[in-house]
Amino acid sequence: MAVYTDVPAEALAGFLEAYDLGRATELRGITEGVENSNFLLATERDRFILTIYEKRVDAADLPFFLGLMEHLARHGLPCPLPVHGRDGQALRRLMDKPAALVSFLAGSWPRRTTVEHAGAVGEALAALHLAGADF
């Protein structure tokens with residue numbers, strides 16, 4: 001189980017007040033991670049991924065990684081985008097831990113990988129290196 005932090009409805013509602021996303025309609029834990037607490041969040045506007053960064057993450061590093069996501073997306077990589085609140089900030093606190101919302105990208109990981117998957121991963125890795133070279 002990769003959901004380490006429980007988010008009560010009242011805390012989530014307070015967190016969402018900083019955004020123009022409407023109220024939460026669903027919050028479901030994502031169990032596939034190992035490092036942070038991740039949730040699929042549905043609001044009146046759209047679906048998002050909510051990440052609460054747990055204790056092994058240095059909060060001072062998070063602006064770099066959120067900025068890198070934006071940079072890679074601007075260069076055409078299919079990368080989730082951090083969601084900024086009305087104040088322009090993407091990184092906030094929830095349950096007294098750093099937290100961020102990012103856009104939801106539909107898809108799933110393959111249960112059985114093939115040579116074609118490996119080739120696609122190689123192409124994606126090359127594109128990531130090229131796009132990230134000037135970050």
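In what follows, every heavy atom counts, from backbone to side chain, and hydrogens, waters and symmetry copies are set aside. Keep in mind it's a predicted model, so treat the numbers as computed, not measured. In this chain, numbering begins with 1 at the start of the sequence shown.
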Quick check: closest heavy atoms across Leu50 and Ala99, and the distance to 0.1 Å? CD1-CB, 4.4 Å
Inter-residue atom distance Leu68.CG - Asp61.CG, 0.5 Å rounding: 12.0 Å
Partner set under side-chain hydrogen bond (donor to acceptor under 3.5 Å, both in side chains) for Glu26, not counting sequence neighbours: Arg28
Pairs meeting criterion ring pair (Phe, Tyr, Trp, His ring centres under 6.0 Å) with involvement of residues 26-66, two or more places apart: Phe64-Phe135
Under a 4.5 Å cut-off applied to non-hydrogen side-chain atoms, are Ile52 and Val7 in contact? yes
Quick note, salt bridge (Lys or Arg N to Asp or Glu O under 4.0 Å) partners involving residues 29-39, not counting sequence neighbours, are Glu35-Arg56
Is any side-chain heavy atom of Leu41 closer than 4.5 Å to a side-chain heavy atom of Leu12? yes
Would you mind writing out the side-chain donor-acceptor pairs for residues 69-81 within the sub-3.5 Å range, not counting sequence neighbours?
| residue | atom | partner | partner atom | Å |
| --- | --- | --- | --- | --- |
| Glu70 | OE2 | His84 | NE2 | 2.5 |
| His71 | NE2 | Ala131 | O | 2.8 |
| His71 | NE2 | Asp134 | OD1 | 2.9 |
| His75 | ND1 | His71 | O | 2.9 |

Output the rest of the hydrophobic cluster of Trp109: all Ile, Leu, Val, Met, Phe, Trp and Tyr residues reachable through side-chain heavy-atom contacts under 4.5 Å, sorted by chain and number. none
With a 6.0 Å cut-off (strictly less than), is the heavy-atom count around CG of Asp87, excluding the residue itself, greater than 12? yes
If Ile, Leu, Val, Met, Phe, Trp and Tyr residues are connected whenever their side-chain heavy atoms lie under 4.5 Å apart, and connections chain through other members, are Leu27 and Ile49 in the same group? no
Does some side-chain heavy atom of Val57 sit less than 4.5 Å from a side-chain heavy atom of Leu62? yes
Residues two or more places apart in sequence or in another chain: which of them pass side-chain hydrogen bond (donor to acceptor under 3.5 Å, both in side chains) with Asn36? none
Output all residues satisfying side chain to side chain contact (heavy atoms under 4.5 Å, CB included) with Ser108, sequence neighbours left out; order by chain, then residue number. none
Without placing hydrogens or testing angles, list every side-chain donor-acceptor pair under 3.5 Å for residues 15-23, not counting sequence neighbours.
| residue | atom | partner | partner atom | Å |
| --- | --- | --- | --- | --- |
| Tyr19 | OH | Arg92 | NE | 3.2 |
| Asp20 | OD1 | Arg86 | NH1 | 2.9 |
| Arg23 | NE | Glu44 | OE2 | 3.2 |

Same hydrophobic cluster for Leu91 and Val83, using side-chain heavy-atom links shorter than 4.5 Å among ILVMFWY? no
Asp6 and Pro8 have their tightest heavy-atom pair at O-CD, 3.6 Å
Using the test salt bridge (Lys or Arg N to Asp or Glu O under 4.0 Å), find all partners of Arg47 that sit at least two apart in sequence or belong to another chain. none
Hydrophobic clustering (ILVMFWY, side-chain heavy atoms < 4.5 Å, transitive) - are Phe104 and Leu66 grouped together? yes
Salt bridge (Lys or Arg N to Asp or Glu O under 4.0 Å) partners of residues 108-125, not counting sequence neighbours, each pair once: none
Does Thr43 use its side chain to pair, donor to acceptor, with the backbone of Ala24 at less than 3.5 Å? no
Residue list, side-chain hydrogen bond (donor to acceptor under 3.5 Å, both in side chains) with Thr5, at least two apart or on another chain: Glu54, Lys97
